[in-house]
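These notes concern the structure reproduced below.
Chain letters run A, B, ... following the sequence lines, proteins first, then strands; residues in each count from 1.
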Amino acid sequence: MSEGVLHAGAGHAAHHADYLEEPKGLWSWLTTVDHKRIGLMYMWSVLFFFLVGGLFALLIRLELLTPKQTIMDAETYNRVFTLHGAIMTFLVIIPAIPGALGNFALPLLLGAKDVAFPRLNLASLYIYWTGAAMAVATLALGGVDTGWTFYTPYSTTTGGGVSLMVLAAFVLGFSSIFTGVNFIATVHKLRAPGMGWFEMPLFCWGMYATAIIQILATPVLGITLLLIVMERVLGVGIFDPQLGGDPVLFQHFFWFYSHPAVYIMILPAMAVISEVIPTFSKKTIFGYKAIAFSSVAIALLGFLVWAHHMFVAGMSLFAGAIFSFLTFFIAVPSAIKVFNWIATMWRGSISLEAPMLHAISFLLIFTIGGLTGLFLAALSTDVHLHDTYFVVAHFHFVMAGANLIALLAGMHYWWPKMFGRMYNRRLAAIAAGIIFVGFNLTFLPQFVLGSRGMPRRYFNYLPQFQDLHVISTVGSWVLAAGLFLTAAYLLASFRQPKGMPANPWGGRTLEWETTSPPTTHNFEGQPVLQHGPYDYRPEPAPVGVKEMAH
Amino acid sequence: MSTVTPSAHPHAEHGHPPFLQHHFREMAQQFDAAKIGMWLFLVTEVLLFGGLFVGYGIMHARHPEAFMAAHHHLDRTLGALNTVVLLISSFTMVMSVWAAQTDRRKLLILFLALTILCAGVFMVVKYFEYSHKFHEGLLPGKYYSHKGDTVPGQFMFFSFYFMMTGLHGIHVLAGMVAIAWLLVRALKGHFSSEYYSPVEVTGLYWHLVDLIWIYLFPLMYLIS
Ligand code: HEM
Ligand SMILES: [Cu+2]
């Protein structure tokens, strides 16, 4: 396991302490501009809200255990699924990988000391916290019952904390934009000398493509959400049919952001997977350029398909056909990636460490999620499947399944780099299995439920659906057990001594060439790239980093 | 944003340029990064306003008579005056950048001050326009209470008028704050031909704010 070790972690950083130790104190963390510390704070925040959103999810599943009221009434149910959806989307999945792993790893992978705008980076974290506090505060106003999509005219007429929740999402958008601005500038200007665009690790391409969408889509959501507030406060009329406005216009605006936003969620996941698979297959990534360009293709094509969420909202058949075609088209770059990853594993020497196990779950789950998207993209089937549990299952496969499992893959991959400690690898492998089983148990039955006509967002249902709902609810407990186990052994790793070598997995990208954990300035001197990111040829180029003098 | 607030380098004694941040290798790299950052930010601004422009376009197409009737309540002279004022301010901003690039500190201070002055005039004019509308009940949405309308539905125009010019006004205010901060730094002698990126990127922002007004003016005041 210790092949490719370059430095013996401890002792090397004689004159610079590691970034976790120096400077000390809570205040030094709250005012830090170090991308690694900001990344960690993002990670803990996101995990906290994942716990909150997850508890809401368990409540939803518990309610659906029986066809009639189980633990809450219909009104409460609406509020619970709205909070679950809003928290998971805006506070967890969108910021998770860019905010936590991207901030931590991107500069390291590029051989940079920090992101381009460190203070903007810290600002994005504070804005995230502000938005999060606002979202939580809606509870005091009686919650929100619109669903995370805030469809008008319901969202402009119902009571409760809709305005505050919508403003929270608006504020969170800024944090997302700031991260995007930072990453693009960082990728353009802070690559190590010798690192051309095509020597960049694919993670950086993925973050770059994500950032493009964050910048192009988020402002449109921002203004749309402001318009909801305006509608509620001033009655401006744009979305209100009684005043001469158009509620479907809201849906167009909303999905113009939110379809691209699903790629804000999946591209970072793909980025992580593109790092993990070569490292644990000990093989050069297959089709580097195909993976890199397909990320950018997804980012751009993603803007042309939004109306596939509105096939039944009243659009012409012609427009429907166009959007359907474009939606089929966008599945192509995703499929290209999947084939490239599989080809990378083909005849590699695969080691089934936890990150790799999660990556393989990702492949299976993302494939199902993506393919079921095609059912929804076909006009005739979508009329039947729209607003049923089929859609719920589809987007949980791609969002909860693919994105969160990639987050887990990345956390397990970079954990020794982040903290210089290793978790219990056997437990980690077991947990990865439990999570995979639990996930499928929860969401596979929902495809069947949906195709049989179980509508989404209902809190009661016909008795014939109960069996599948019970399987799904039990699955949610298995999934939760796997996640709690993960939390337990990850936290337990802090009782291990620090002492990870620089490169425990034998990776070839730059972050493995500095100490674990790195010093505040990441590298001793400026690293200069000497070999490609996935150079696993049997006789690797002699030294990875030529350490330049200060 | 921090693109425009590089802090003094802590190890300045090593002979680094004083405003080079530690994670950049050289000033040119830092300058390019700041410019990229500002351009990206401007893209987000364009899209933010873009949503409103699209909404305006669609609602205008649905209610052409109401928009036509409503826009007669606006004062074209004041709108034109503000357009001229902002154009001048764009010019003085360009001159500020030039003065910074060519080490003309006094001129830099003068042009920055003039730019703020123009922005101030714009806001004062806007204030008078707004108070006149308030007085007549020409307000957005459900607060619209103007008497004696012959064409119904004019409130929609004022919804957009206030949202769009309001958002733009906020941007003018933000620009004034940014330029005032440039002025303070110029007085302290921070800028030179070696280091003027804050002036340049703030200038980019300011031109965008002007540009948006150039589109708002005909859209609101000159409907035909
Ligand atoms: C691989 C290609 C994909 C295709 C062809 C596809 C297609 C679709 C279609 C047509 C719908 C609308 C269904 C309906 O409402 O009737 C839909 C819904 C959805 N998809 Fe996908 N999708 C794909 C990938 C993804 C990914 C990667 C994500 C997120 C990471 C995602 C997240 C969602 C969400 C959140 C919804 C439902 C939103 C809601 O109504 O609440 N999809 N998808
Ligand atoms: Cu979509």
Side-chain angles (χ1 to χ4, degrees), chain A residues 33 35 107 112-123 173-174 177-178 180-190 193 211-212 214-224 226-227 230-231 233-240 243-246 249-250 252-253 256-257 521-522 526 550, chain B residues 1-7 11 14 21-26 28-56 58-59 62-63 66 139-144 152-164 166-167:
Chain A
V33 288
H35 68 99
K113 276 190 190 164
D114 209 321
V115 292
F117 313 120
R119 276 192 268 169
L120 189 66
N121 204 17
L122 184 63
F174 276 99
I177 288 176
F178 286 0
V181 168
N182 235 325
F183 285 3
I184 292 191
T186 307
V187 167
H188 272 276
K189 295 311 315 175
L190 287 174
I212 294 180
Q214 285 174 314
I215 285 169
L216 294 182
T218 317
V220 180
L221 178 73
I223 199 66
T224 310
L226 277 188
L227 283 171
M230 290 297 152
E231 194 75 84
V233 177
L234 301 177
V236 290
I238 172 167
F239 298 138
D240 188 340
L243 298 177
D246 184 352
L249 189 59
F250 171 81
H252 279 293
F253 276 14
F256 183 81
Y257 164 80
H521 290 330
N522 295 347
Q526 169 67 61
H550 232 335
Chain B
M1 34 193 274
S2 74
T3 49
V4 287
T5 60
S7 63
H11 305 303
H14 289 190
Q21 289 175 290
H22 78 276
H23 57 294
F24 289 110
R25 286 187 291 275
E26 60 203 23
Q29 189 190 23
Q30 175 174 323
F31 183 35
D32 286 354
K35 269 213 283 208
I36 291 176
M38 182 47 85
W39 276 109
L40 293 170
F41 177 67
L42 296 188
V43 169
T44 68
E45 292 280 19
V46 168
L47 285 155
L48 186 78
F49 278 95
L52 284 176
F53 276 105
V54 171
Y56 176 96
I58 292 173
M59 289 304 134
R62 297 228 174 138
H63 311 284
L139 290 167
K142 63 183 176 207
Y143 294 102
Y144 186 86
Q154 299 191 29
F155 69 90
M156 184 81 89
F157 176 84
F158 284 97
S159 296
F160 278 97
Y161 172 80
F162 279 103
M163 286 193 296
M164 296 175 87
L167 190 63

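Both the backbone and the side chain of A:D246 come within less than 4.5 Å of a heavy atom in chain B. Of the atoms belonging to A:L190, heavy atoms from both backbone and side chain fall under 4.5 Å from chain B. Heavy-atom distances place the side chain of A:L227, and not its backbone, under 4.5 Å from chain B. In this structure, the portion of A:I177 lying under 4.5 Å from any heavy atom of chain B is its side chain and not its backbone. For a residue to count as touching a neighbouring chain, one of its non-hydrogen atoms must lie under 4.5 Å from one of that chain's; by this rule A:L122 does not touch chain B.
B:Q21 has its side chain out of reach of A:D114: every pair of non-hydrogen atoms, C-beta onward, lies at least 4.5 Å apart. Between A:P193 and B:R25 there is a side-chain heavy-atom pair separated by less than 4.5 Å. Side-chain contact between A:V236 and B:F162: absent, with no pair of heavy atoms (C-beta onward) separated by less than 4.5 Å.
Atom CG of A:L243 and atom OH of B:Y144 lie 14.0 Å apart (nearest 0.5 Å). In this structure, OG1 in B:T44 is found 7.5 Å from CZ in A:F174, a value given to the nearest 0.5 Å. Put simply, CG on B:L52 and CG on A:L226 are 8.0 Å apart, with the number rounded to the nearest 0.5 Å. With rounding to the nearest 0.5 Å, the separation of OG1 in A:T218 from CG in B:L48 is 11.0 Å. We find the CG-NZ distance between A:D240 and B:K142 to be 10.5 Å, quoted to the nearest 0.5 Å. The line from CE of B:M163 to CD1 of A:I223 is 7.5 Å long, rounded to the nearest 0.5 Å.
Listed for the A:H188 side chain is no donor-acceptor partner under 3.5 Å among the backbone atoms of B:I36. Between the side chain of B:H23 and the main chain of A:A112, no donor-acceptor pair closer than 3.5 Å is present.
Your options are B:I58, B:L47, B:V54, and the one with the most heavy-atom pairs under 4.5 Å with chain A is B:L47. Heavy-atom pairs under 4.5 Å with chain A were tallied for B:L167, B:V43, B:D32; the largest tally goes to B:D32. Per-residue heavy-atom pair counts under 4.5 Å with chain A were compared for B:F158, B:F160, B:W39, B:Y143, and the maximum is reached by B:Y143. Each of A:T224, A:V115, A:N522, A:N182 has some count of heavy-atom pairs under 4.5 Å with chain B, and the biggest count is that of A:V115.
Heavy-atom minimum distance, A:A185 versus B:A33: CB-O, 4.2 Å. Shown here for B:M156 and A:I238, the closest heavy-atom pair between the two residues is SD-N, 4.1 Å.
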